[in-house]
Amino acid sequence: MITIKNLNKFYGSTKVLNDISIDIKEGEIFAIVGHSGAGKSTLLRCINGLEDYSDGSLRVNDKEIKTLDKNNLREFRKKIGMIFQHFSLIQRKTVYENVALPMQLWGYKKSEIDKKVNDLLALVGLENKLNSYPSQLSGGQKQRVAIARALTLDPEVLLSDEATSALDPNTTTSILNLLKEINEKLNITIVIVTHEMEVVKQIAQKALLLEHGNIIGFDDTEELFLKPDEKMKHFLGESEVVPAQGINIKLYFPKDNAYQSFITKMARELDMDFNIVWGKLEEINTHIVGNMVINIDEVNQQKVIDYIKEHDIVWEVL
Ligand SMILES: Nc1ncnc2c1ncn2[C@@H]1O[C@H](COP(=O)(O)OP(=O)(O)OP(=O)(O)O)[C@@H](O)[C@H]1O
Ligand SMILES: [Mg+2]
């Protein structure tokens, strides 16, 4: 649905996006991750046509964005909703008025607006806050209003720029769950920009890692966390310290694999004790994935590797 090929973007003589090529599929929840200044927001603004790109191609539903004239761009942007870290609500307008605004600007009938606003406020769980003002709402509630407002024109894509960065962890989870629900119920493609790995793990099916405008990772979220390459490890600030003695084998447990029983079963069947050096299990997209490093005597290496292979476990010797 969104296809970016060899995209470059300069601000003056500074290159802020370098040779970006990605593909975002319809219905996907896609994350753009990176530290401050990586170019995340710039890429997002290119996607919604707010920002021009120097060269390369950026197509949304097969339309090359930079070829759109003013009217077409306006129509195009109607189909893209956007939410931000600081909600961008109008303080002197009520919740209802804030959500109604985009439809009023596009000249919808009052009855249509009324139905849509009420439906959306029910969807985000704020049907009883219609007449409140933003100052009377919590951060999470303000973001819910912003989400409802972003959905009024039936967008095909929802772009989110650090929408949970100003929220506490529990509120973040509830907003991410709402985004998931919207993605599933309304079949809206969601692109989220974040610097928080927790957000990626909780919601994204696919992620792009940006560093100084360069792609340093682009894969299914589970793959990125399950088998991080050197760049990803560096990004996560993770270093693997393993014993110098014996053989260290790293096992990767994909989703749905009974990792605990595998280790105990292997110990029992091979009649061997393993030293578990470290293990990390994480919940990604509601699946448990993880990896574990075991340390074994060199004499047992072949036996253990044969056993692991028989059980279709991904592994490597460190
Ligand atoms: N309008 C602008 N003019 C000049 N340089 C800009 C402009 N906007 C962004 N930049 C530069 O482009 C680079 C990428 O900025 P961008 O805002 O995309 O980063 P980001 O990944 O969203 O960071 P953050 O996490 O802090 O929001 C930065 O070096 C920034 O200083
Ligand atoms: Mg940003």
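Numbers here are sequence positions counted from 1. Atoms within a ligand are numbered from 1 in the order they appear, just like the ligands themselves.
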Taking side chain as C-beta onward, heavy atoms only, is [X] less than 4.5 Å from [Y]?
{"X": "Asn6", "Y": "Asp55", "answer": "no"}
{"X": "Glu162", "Y": "His195", "answer": "yes"}
{"X": "Ser132", "Y": "Leu137", "answer": "yes"}

If you measure from each non-hydrogen atom of His35 to ligand 1, which part falls under 4.0 Å: side chain, backbone, both or neither?
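Backbone only.
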Distance below 2.8 Å from the Mg ion (ligand 2): protein N/O/S atoms
Ser41 OG
What's the spacing between [X] [atom1] and [Y] [atom2] if we round to 0.5 Å?
{"X": "Asp23", "Y": "Thr3", "atom1": "CG", "atom2": "OG1", "result": "4.5 Å"}
{"X": "Asp297", "Y": "Ile247", "atom1": "CG", "atom2": "CD1", "result": "9.5 Å"}
{"X": "Asn183", "Y": "Ile29", "atom1": "CG", "atom2": "CD1", "result": "3.5 Å"}

In terms of residue, atom name and distance, what is the protein heavy atom nearest to [atom]?
{"atom": "atom 25 (O) of ligand 1", "value": "Lys40 NZ, 2.7 Å"}
{"atom": "atom 1 (N) of ligand 1", "value": "Tyr11 CE2, 3.7 Å"}
{"atom": "atom 23 (O) of ligand 1", "value": "Gly37 N, 2.8 Å"}
{"atom": "atom 26 (O) of ligand 1", "value": "Ser36 OG, 2.5 Å"}
{"atom": "atom 17 (O) of ligand 1", "value": "Ser41 CB, 3.9 Å"}
{"atom": "atom 12 (O) of ligand 1", "value": "Val16 CG1, 3.1 Å"}

Salt-bridge contact [X]-[Y] (side-chain N to carboxylate O under 4.0 Å):
{"X": "Glu64", "Y": "Arg59", "value": "yes"}
{"X": "Lys110", "Y": "Asp114", "value": "no"}
{"X": "Lys116", "Y": "Asp154", "value": "yes"}

Hey, any chance Leu58 and Leu208 share a hydrophobic cluster, counting ILVMFWY side chains that come within less than 4.5 Å of each other, even indirectly?
yes
Identified side chain to side chain contact (heavy atoms under 4.5 Å, CB included) partner of Leu89 from the options Val95, Asn98, Val99
Asn98
With a 4.0 Å cut-off on heavy atoms, does Gly34 reach ligand 1?
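Outside the 4.0 Å threshold, so no.
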Under 4.0 Å to a heavy atom of Thr42 - the qualifying atoms of ligand 1, by number
14 (C), 15 (O), 16 (P), 18 (O)
Go through ligand 1 atom by atom and flag the ones less than 4.0 Å from a non-hydrogen atom of Gly39.
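Under 4.0 Å from Gly39, ligand 1 has these atoms: 14 (C), 16 (P), 18 (O), 19 (O), 20 (P), 21 (O).
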Lys78, NZ atom: more than 12 neighbouring heavy atoms under 6.0 Å:
yes
Counting only heavy atoms on the protein side, is anything nearer than 4.0 Å to atom 30 (C) of ligand 1?
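Flag for atom 30 (C) of ligand 1 set to false, no protein heavy atom closer than 4.0 Å.
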So, is Ala38 polar-close to ligand 1, with some N/O to N/O distance under 3.5 Å?
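Yes, Ala38 has an N/O under 3.5 Å of an N/O on ligand 1.
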